[in-house]
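Written below as structure tokens is the structure these notes are about.
Proteins get letters first, then strands, A, B, ... in listed order; numbering begins at 1 in each. Just so we're clear, the structure is a prediction, and the values are computed from it rather than from any experiment.
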2 protein chains.
Amino acid sequence: MTDDDLIFKALADKTRRFLLDLLFQRDGRTLKELESGLAMTRFGVMKHLKILEDAGLVVTRRSGREKLHFLNAVPIRMIHDRWIDKYREREVEALLALKAELENKEDPS
Amino acid sequence: MTDDDLIFKALADKTRRFLLDLLFQRDGRTLKELESGLAMTRFGVMKHLKILEDAGLVVTRRSGREKLHFLNAVPIRMIHDRWIDKYREREVEALLALKAELENKEDPS
DNA sequence: AGAATAGGTGACTATATGGTCACCTGTCAA
DNA sequence: TTGACAGGTGACCATATAGTCACCTATTCT
């Protein structure tokens with residue numbers, strides 16, 4: 001299994017993306033803490049974290065009997081750079097800016 | 001299945017990523033043309049293209065009996081923005097620049 | 001019109017993946 | 001030092017996914 005295979009397979013699961021969201025909000029959480037936010041057994045969460053770690057999307061540090069989890073954004077950036085060059089980047093940003101503006105007008109919540 | 005589920009599931013397969021690579025090189029290809037670059041039957045390629053299209057990563061235009069395929073980079077950019085904020089972006093770019101520099105020194109091919 | 005060409009559908013099989021459980025290891029604190 | 005706590009492993013089952021095939025439709029060219 002190649003590196004990029006590990007990364008994209010890791011991102012293919014909703015639970016794992018949610019774990020990344022949690023770590024994006026705040027880094028350095030333990031398994032116990034991450035587990036408490038999910039409707040799943042500890043074992044399920046542990047498997048998901050292992051897959052994220054093997055892919056390099058999460059890096060960890062041990063601290064006594066705890067294991068702290070951190071988000072690593074480098075692979076995410078590499079996905080971006082694979083299919084978005086400088087030319088497409090201008091197009092895409094213009095489209096997203098337009099989209100944001102329209103949504104702001106339609107739904108000024 | 002939510003939008004982001006469709007996108008990440010679509011990206012989870014190596015063949016589909018290769019199809020995006022081909023379209024990144026050059027847009028507007030037909031199924032026949034894309035098929036010729038892969039060791040797979042037409043049906044397999046067609047299924048993959050349908051999944052990419054359902055996810056919005058590929059958009060198509062019919063032209064007579066041909067169907068032309070184009071890469072849409074907007075979902076890719078949204079993945080980036082989900083886990084990379086301005087702060088992390090600086091970190092990540094610095095790391096990738098350093099990495100590129102080191103690889104340049106080690107392997108000046 | 002009729003043959004060749006480009007694309008499309010539904011059913012099927014083998015394999016990969018998500019989730020759970022019984023059971024185990026290492027660390028902390030009274 | 002012993003009990004509670006955080007984390008870890010291997011086996012297991014149900015479901016999802018990749019790939020193929022027989023068969024079908026629409027367009028083009030002579």
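Taking atom CG on B:Leu6 and atom C1' on D:dT17, their separation rounds to 14 Å, with Å as the unit. As rounded to whole Å, 11 Å separates atom P of C:dT17 from atom NZ of A:Lys47. For the pair B:Leu52 CG and D:dA18 P, the interatomic distance rounds to 10 Å; values are reported in whole Å. Taking atom NZ on A:Lys9 and atom P on D:dT17, their separation rounds to 12 Å, with Å as the unit. Rounding to whole angstrom units, CG of residue A:Asp13 and P of C:dG18 are separated by 5 Å. Nucleotide D:dT17 holds its C1' atom 16 Å from the NZ atom of B:Lys14, rounded to whole Å. Computed from coordinates, the B:Arg62 CZ to C:dT5 C1' distance equals 13 Å when rounded to whole Å. The nearest whole Å value for the distance from the CZ atom in B:Arg42 to the C1' atom in C:dG10 is 14 Å.
Considering only side-chain atoms of B:Arg65, the nucleotide from C:dT17, C:dT5, C:dG7 that sits closest is C:dT5. Comparing C:dA6, C:dG8, D:dT17 against the side chain of B:Lys32 picks out C:dA6 as the nearest.
Contact between the side-chain N/O atoms of B:His48 and the OP1/OP2 oxygens of D:dT17 is not found at any separation under 4.0 Å. OP1 or OP2 of D:dG8 has at least one side-chain nitrogen or oxygen of A:Lys67 nearer than 4.0 Å. For the pair B:Thr41 and D:dT20, the criterion of a side-chain N or O lying under 4.0 Å from OP1 or OP2 is met.
Checking each of B:Lys67, B:His48, B:His69 against B:Glu53 for a side chain to side chain donor-acceptor pair (under 3.5 Å) leaves exactly one that passes, namely B:Lys67.
Taking 4.5 Å as the limit, some side-chain heavy atom of B:Leu71 sits within range of a side-chain heavy atom of A:Arg88. Looking at A:Lys14 and B:Thr2, their side chains come closer than 4.5 Å, going by heavy atoms from C-beta outward. A 4.5 Å side-chain heavy-atom check between B:Asp13 and A:Phe8 finds every atom pair outside the cut-off.
Nucleic acid contact class of B:Met40 (heavy atoms, under 4.0 Å, all strands): sugar-phosphate only.
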